K.L.:
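Can you read through this structure? Questions will come right after.
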Protein chains: 2
Amino acid sequence: MSLTGDRRAEQSAEEPTDGSRPGRRGPARSDRPSATIGRVAEAAGVSRATVSRVMNGSPTVAAELAARVRAAAEELNYEPSLVARSLALGRTSTVSLIVPDLSNPMFQDVLRGLSHAAAGRGYRLLVAESNENVAEEAILAVEARRRSDGLVLASPRVPEAELRALSDRLAPLVLLNRDLPGSNVPSLSVDYAAGIAAIVAHLRSLGHRRIVYLAGPAASTSNRERQAALRAACAAEPVCALTELPCGATFDDGHASARAVLRSGATAVVAFNDMVAFGALSGLHELGIGVPRDLSVAGFDDIPFARYTTPPLTTASIPRNELGRQAWDRLWALLGGGPAGHDVHFQPRLLVRDSTGPVPAGRG
Amino acid sequence: MSLTGDRRAEQSAEEPTDGSRPGRRGPARSDRPSATIGRVAEAAGVSRATVSRVMNGSPTVAAELAARVRAAAEELNYEPSLVARSLALGRTSTVSLIVPDLSNPMFQDVLRGLSHAAAGRGYRLLVAESNENVAEEAILAVEARRRSDGLVLASPRVPEAELRALSDRLAPLVLLNRDLPGSNVPSLSVDYAAGIAAIVAHLRSLGHRRIVYLAGPAASTSNRERQAALRAACAAEPVCALTELPCGATFDDGHASARAVLRSGATAVVAFNDMVAFGALSGLHELGIGVPRDLSVAGFDDIPFARYTTPPLTTASIPRNELGRQAWDRLWALLGGGPAGHDVHFQPRLLVRDSTGPVPAGRG
DNA sequence: CTGAAAGCGCTAACAC
DNA sequence: GTGTTAGCGCTTTCAG
């Protein structure tokens with residue numbers, strides 16, 4: 001049996017030449033007959049309004065008519081057009097998410113949380129990736145918003161002025177890891193500063209007074225936040241020397257800085273993120289340095305692997321899924337015309353595992 | 001300055017009561033005036049057709065008119081409705097992807113590859129997760145397809161008969177890691193059997209003759225495939241004893257089976273996937289077993305961390321992104337009304353790293 | 001309870 | 001070149 005054959009037969013039997021229809025441009029749709037509400041109405045001998053009512057489960061239709069309509073719909077393989085429905089309703093039941101980078105676990109989890117929460121209300125999710133490209137980001141945001149009923153912008157890179165200018169066209173809008181002071185755009189973010197402060201306090205309590213920071217990409221906002229928090233935390237302590245080493249965001253970056261870490265004379269390293277910490281762990285291991293015996297290492301993010309390194313990594317965990325879930329809550333409130341609730345700063349949770357320990361004797 | 005205030009003022013100036021409009025139900029949209037093509041036409045003193053032409057960059061519009069239209073559009077903050085456009089054009093410029101589980105790196109990468117490739121042609125991506133729920137999956141697929149121009153189904157769990165029945169309504173459709181023999185639905189999949197065969201050959205060349213398989217979840221199709229391939233590969237060799245241990249898909253599962261692995265007397269372990277292999281590595285390490293000195297371990301998938309374990313993991317890599325990219329190619333061809341090209345079986349690539357080595361002396 | 005009719009916002013023949 | 005007109009497929013008042 002050939003599906004192709006079957007389809008073609010059906011098609012030529014039901015429809016004249018597709019070329020005669022207007023509105024066909026670019027890649028053609030599948031050339032199935034594609035029943036419309038009109039055809040179903042005709043087949044069932046009722047009006048389109050009645051078909052509409054039946055399809056939407058309105059209880060005010062006589063049982064006999066409803067049955068006839070359902071039969072006709074079944075027979076014609078009728079699928080109501082959601083596009084037409086959206087146009088008539090003024091609502092697409094779709095929301096969009098723009099992320100800078102789909103390969104980042106942070107955004108993957110936001111995506112998951114958002115998608116799941118939205119699905120609970122019958123909303124679908126449109127996803128777009130800006131590839132860290134600022135110009136692209138603004139375009140994407142506007143476009144994605146036009147296709148949907150609301151928008152979530154995760155860690156947008158757009159300059160504040162532009163974001164502010166855009167925020168009106170993008171509403172209902174929810175911001176993740178970014179805020180717009182003075183506007184009424186809801187914002188959910190991670191309090192990186194608090195996370196860093198917790199890590200520093202932990203290190204201090206272990207006796208560490210010389211810390212080296214393996215800095216992330218200069219362009220990264222979260223790096224700037226983490227770095228500033230680290231400076232502040234160190235400055236607040238009576239004795240706390242901070243060395244900053246330009247590093248990066250990857251395992252290899254961390255690995256490459258092992259020697260520099262040693263040269264810094266620090267007793268503890270705070271890495272921009274877990275990947276960098278892993279790399280440092282590996283590089284230090286190769287140099288014969290024991291962690292945490294000779295040196296303590298802390299990461300940030302608590303990516304799934306942090307539990308499984310040797311030694312397991314001390315890090316700060318952030319509620320990535322929750323960010324997506326609550327973004328939906330805010331968006332849903334906005335869609336309902338209500339206020340979105342208060343902004344929140346998620347507090348990272350310090351996870352003390354085995355990569356941090358007391359300062360080696362004589363090195364305090 | 002209050003954005004809220006400004007907006008409200010504009011709104012009440014431009015529009016009577018929103019309640020009088022039909023088609024408003026459920027959560028209301030943001031109550032912005034939302035200029036239409038008609039208003040712009042009116043403001044610019046031209047017809048809607050002209051506005052449409054200008055907005056779509058048609059070159060056949062007098063410069064002076066075009067300028068007036070652009071000014072009016074700017075003034076009114078006009079954003080063409082993509083929904084209306086889709087309805088008129090019969091094309092949404094959106095495709096959908098359904099995955100069983102968004103937390104699986106495999107699907108994350110497919111998503112990324114597909115999204116990126118589709119974006120290159122101005123298409124957007126709608127994503128939905130079936131949560132491994134078969135009933136849900138079929139519904140989602142149909143619904144997602146109705147909102148878009150085409151569909152990619154990744155590793156669908158739906159039974160063959162149902163998929164076959166659905167395939168017509170879902171077209172243009174591309175299948176990932178699943179095929180529909182005899183249909184003309186394009187299918188891209190990973191040749192797990194070939195990957196397993198390569199691993200076994202590698203192990204054999206190292207002298208291993210007793211292999212233990214750490215099996216994945218019984219419900220998993222890919223586990224069944226891998227397991228079957230392993231049996232076949234071992235059966236094909238002159239001397240090759242295979243022990244199968246029920247295990248799972250996670251680090252902890254692998255970790256927990258370390259003792260059982262030892263008891264099996266095998267000299268090499270083939271894990272269902274990399275996570276399980278990591279767990280085994282860790283569990284064996286704790287038991288004082290050297291890898292690959294005492295035992296060889298191989299994983300499957302080449303997840304990003306496989307390079308960074310100690311020792312780095314021998315595994316089979318699969319082109320996850322490529323799967324997404326090529327799914328787009330197929331879909332694009334289908335959208336254009338052409339044939340989709342031949343199905344492909346991606347061949348995993350064996351990555352020999354340090355977790356596999358020669359059989360210990362006297363244990364061959 | 002059902003149908004007729006108007007409209008959602010945009011596009012594209014077709015005529016001027 | 002530009003406007004007129006007729007849809008795209010569905011929903012929803014409003015009569016009856």
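Just so you know, these numbers come straight off a predicted model, no measurement behind them. First the proteins, then the strands, lettered A, B, ... as listed; each starts at 1. The basis for the numbers below is simple: all heavy atoms, side chains too, and nothing from hydrogens, waters or symmetry mates.
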K.L.:
Within a strict 4.5 Å, meaning less than it, do heavy atoms of the P186(A) and D343(A) side chains meet?
P.N.:
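Yes, at least one pair of side-chain atoms sits under 4.5 Å.
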K.L.:
Nearest whole angstrom, please: distance from the C1' of dG1(D) to the CZ of R53(B).
P.N.:
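One finds 7 Å between C1' of dG1(D) and CZ of R53(B), rounded.
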K.L.:
Can you figure out which of dC1(C), dG9(C), dT2(D) approaches the side chain of A62(A) most closely?
P.N.:
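Closest of the options to the side chain of A62(A): dC1(C).
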K.L.:
Closest-nucleotide mapping onto DNA chain D: is L87(B) or L65(B) further toward the 5' terminus? I mean the 5' end.
P.N.:
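Here L65(B) is the residue nearer the 5' end.
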K.L.:
Less than 4.0 Å between a side-chain N and a carboxylate O, is that true for R157(B) and E137(B)?
P.N.:
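Looking at E137(B) and R157(B), the cut-off is not met.
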K.L.:
Figure out the CD1/P separation between I37(B) and dT4(D), and round it to whole Å.
P.N.:
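Going from I37(B) (CD1) to dT4(D) (P), I get 14 Å.
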K.L.:
How many whole angstroms separate atom CD of E79(B) from atom P of dC10(C)?
P.N.:
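Interatomic distance, CD of E79(B) to P of dC10(C): 11 Å.
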K.L.:
Could you give the CZ-to-C1' distance, from R39(A) to dC8(D), as a whole number of Å?
P.N.:
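It works out to 13 Å between those atoms.
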K.L.:
Whole angstroms only, please: what is the CG-P distance between N56(A) and dC1(C)?
P.N.:
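Computing the N56(A):CG to dC1(C):P distance gives 17 Å.
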K.L.:
Can you see if the side chain of T50(B) gets near the phosphate of dG3(D) - specifically, an N or O under 4.0 Å from OP1 or OP2?
P.N.:
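Indeed, a polar side-chain atom of T50(B) lies that close.
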K.L.:
Determine the contact category for A49(A): base if any of its heavy atoms lies under 4.0 Å from a base atom, sugar-phosphate if only primed atoms, P, OP1 or OP2 are that close, otherwise nothing.
P.N.:
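Since a base atom lies under 4.0 Å of A49(A), the category is base.
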K.L.:
So, does T60(A) get its side chain near the phosphate of dC1(C), meaning an N or O under 4.0 Å from OP1 or OP2?
P.N.:
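T60(A) to dC1(C) OP1/OP2: no side-chain N or O under 4.0 Å.
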K.L.:
Does R145(A) come within less than 4.0 Å of E79(B), counting only side-chain N to carboxylate O?
P.N.:
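Salt bridge absent between R145(A) and E79(B).
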K.L.:
Mind checking if V46(B) touches a base, just sugar-phosphate, or nothing, with heavy atoms under 4.0 Å?
P.N.:
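V46(B): backbone/sugar contact only, no base atoms under 4.0 Å.
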K.L.:
When you get a sec, tell me which of dG3(C), dT11(D), dT4(D) is the closest nucleotide to the side chain of S47(B)?
P.N.:
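Among dG3(C), dT11(D), dT4(D), the one nearest the side chain of S47(B) is dT4(D).
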K.L.:
Tell me: CZ of R68(B) to C1' of dG1(D), nearest whole Å?
P.N.:
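About 13 Å, once rounded to whole Å.
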K.L.:
Are any of the side-chain heavy atoms of L153(B) and R178(B) separated by less than 4.5 Å?
P.N.:
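Of all side-chain heavy-atom pairs linking R178(B) with L153(B), none is under 4.5 Å.
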K.L.:
Checking contacts here: which listed nucleotide (dC10(C), dG1(D), dA13(C)) is nearest the side-chain heavy atoms of A88(B)?
P.N.:
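For the A88(B) side chain, the nearest candidate turns out to be dC10(C).
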K.L.:
Measure from the side-chain heavy atoms of L89(B) and tell me the nearest of dT2(D), dA12(C), dG9(D).
P.N.:
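The answer is dA12(C), which lies nearest to the side chain.
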K.L.:
Closer than 4.0 angstrom, basic N to acidic O: yes or no for R48(A) and E42(A)?
P.N.:
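A salt bridge is absent here (no side-chain N lies under 4.0 Å from a carboxylate O).
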K.L.:
To the nearest Å, give me how far apart CE (M55(B)) and C1' (dG9(C)) are.
P.N.:
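Distance check: M55(B) CE to dG9(C) C1' gives 13 Å.
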K.L.:
Which of these nucleotides, dT11(C), dG9(D), dT11(D), is closest to any side-chain atom of R48(A)?
P.N.:
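Given the options dT11(C), dG9(D), dT11(D), the side chain of R48(A) is closest to dT11(D).
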